[in-house]
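Here the structure comes first, spelled out in structure tokens, and everything after it is commentary.
Each ligand, and each atom within it, is numbered from 1 in the order the structure gives. We use all heavy atoms of the structure for the numbers below, so side chains are in, but hydrogens, waters and symmetry mates are not.
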Amino acid sequence: MNLKDLEKQIKKCQKCRLYKERTNAVFGDGDFKAKIVFIGEAPGKAEDLEGKPFIGAAGKFLTSMIESIGLKREDVFITNIVKCRPPNNRDPQDDEADICSDLYLWKQLELINPLLVATLGRHSMYRFLPNTFKISDVHGKPKKIVNKKTKKTFNILPLYHPAAALYNGGLRETLEEDFKKIPTILKKLSK
Ligand code: URA
């Protein structure tokens, strides 16, 4: 199984109820050999229509932060916990997120094998870190986790969600400061 095959599977997936109202499943976008993968929550309206992740206002902000640390959007990989837009942008339900991450997200991470996985927002963070963690305490601090099934280790960097940060000056500054730490974290991990 390679990433192109996985993309084909995702495009025609009907494993949970979200396929019923989607226009396009959103596989993700970027370098299949990226050193860093960003993971949001779920596609929104624009993403559902275009079939690409993070292309609305939050996506433009995410792209500008990626560029602020000397990378291009094409250098990283961007995806979401669930690949189909939940109706009216509701939160993904646990069973939807479980199915989608078990079938697709972990596979994507294994195949890309990035040095760092940056989670965007609480929902994405709790896919990887215990729910006793608070994003206000752990944002910007890398954590090591082991996938119980595959025993593979991943470095997780919890970040605030760009959509939340866009409309909250304090969070915006925090998120921008956390982004500035990424080059140093990547350098350390690549040693
Ligand atoms: N918000 C997300 O979490 N993901 C997207 O793709 C767009 C907005």
Side-chain angles (χ1 to χ4, degrees), residues 3 6-7 9-11 13 16-19 21-32 34 36-68 71-109 112 114 116-129 131 133 135-136 138-140 156-168 171-172 174-176 178-179 182:
L3 282 155
L6 196 62
E7 179 169 16
Q9 275 188 21
I10 290 173
K11 293 279 175 207
C13 179
C16 84
R17 62 188 79 77
L18 292 182
Y19 83 89
E21 292 187 47
R22 76 172 176 229
T23 315
N24 289 293
V26 182
F27 165 73
D29 201 14
D31 188 348
F32 285 2
I36 179 163
V37 173
F38 290 92
I39 304 180
E41 183 181 328
K45 190 172 182 195
E47 291 79 16
D48 172 69
L49 289 174
E50 292 285 323
K52 289 199 185 310
F54 280 98
I55 54 166
K60 293 207 172 76
F61 182 39
L62 176 63
T63 305
S64 78
M65 286 186 291
I66 290 168
E67 288 169 352
S68 79
L71 293 171
K72 293 200 209 79
R73 206 179 138 115
E74 308 84 80
D75 299 329
V76 307
F77 193 83
I78 303 175
T79 190
N80 285 296
I81 302 289
V82 298
K83 309 308 191 204
C84 298
R85 181 193 183 207
N88 303 315
N89 294 349
R90 65 158 169 76
D91 286 347
Q93 292 173 4
D94 284 344
D95 64 326
E96 297 159 354
D98 286 346
I99 293 169
C100 207
S101 52
D102 284 353
L103 283 175
Y104 305 126
L105 181 66
W106 283 110
K107 269 259 140 20
Q108 285 178 308
L109 292 177
I112 297 170
L116 191 60
V117 176
T119 57
L120 302 169
R122 273 181 311 125
H123 292 287
S124 176
M125 174 178 96
Y126 288 136
R127 277 284 121 193
F128 299 93
L129 301 178
N131 61 10
F133 281 42
I135 194 161
S136 52
V138 298
H139 68 86
I156 307 296
L157 180 69
L159 298 173
Y160 282 109
H161 196 291
L166 255 188
Y167 306 107
N168 175 329
L171 277 195
R172 185 184 178 120
T174 306
L175 180 57
E176 287 169 342
D178 285 345
F179 254 83
I182 291 176

**Item:** Partner set under side chain to side chain contact (heavy atoms under 4.5 Å, CB included) for Phe32, not counting sequence neighbours
**Value:** Leu3, Lys4, Phe27, Phe77

**Prompt:** Should Glu96 and Arg17 count as an ion pair when the cut-off is N to O under 4.0 Å?
**Reply:** yes

**Message:** Quick test: of every protein heavy atom, which one is nearest to atom 5 (C) of ligand 1, and how far off is it to 0.1 Å?
**Reply:** Ala42 O, 3.4 Å

**Complete:** of all protein heavy atoms, closest to atom 4 (N) of ligand 1 is Asn80 OD1, 2.7 Å

**Message:** If you count heavy atoms of other groups shown closer than 6.0 angstrom to CG of Asn88, is the number above 12?
**Reply:** no

**Asked** Above 12 or not: heavy atoms from other molecules or residues under 6.0 Å from CD of Gln93?
**Response** yes

**Proximal atoms of ligand 1 relative to Gly40 (non-hydrogen, under 4.0 Å)** = 3 (O)

**Request:** Within a distance under 4.0 Å of any heavy atom of Pro53, pick out the atoms of ligand 1 and give their elements.
**Result:** 6 (O)

**Asked** Any N or O of Phe54 that comes nearer than 3.5 Å to an N or O of ligand 1?
**Response** yes

**Asked** Using heavy atoms and a threshold below 4.0 Å, how should the contact between Ala163 and ligand 1 be classified: side chain, backbone, both, or neither?
**Response** neither

**Complete:** Check: of Lys45, His123, Glu47, Glu41, min heavy-atom distance to atom 7 (C) of ligand 1 comes from Glu47

**Fill in**
Per side-chain contact (heavy atoms from CB on, under 4.5 Å), Ile78 is matched among Val37, Leu62, Val26, Ile36 by Leu62

**Message:** If I compare all heavy atoms of Ile182 with all of Leu157, which pair ends up nearest, and what's the gap?
**Reply:** CG1-CD2, 3.7 Å

**Request:** Could you establish whether Gly59 and ligand 1 come within less than 4.0 Å of each other, counting only heavy atoms on the residue side?
**Result:** no

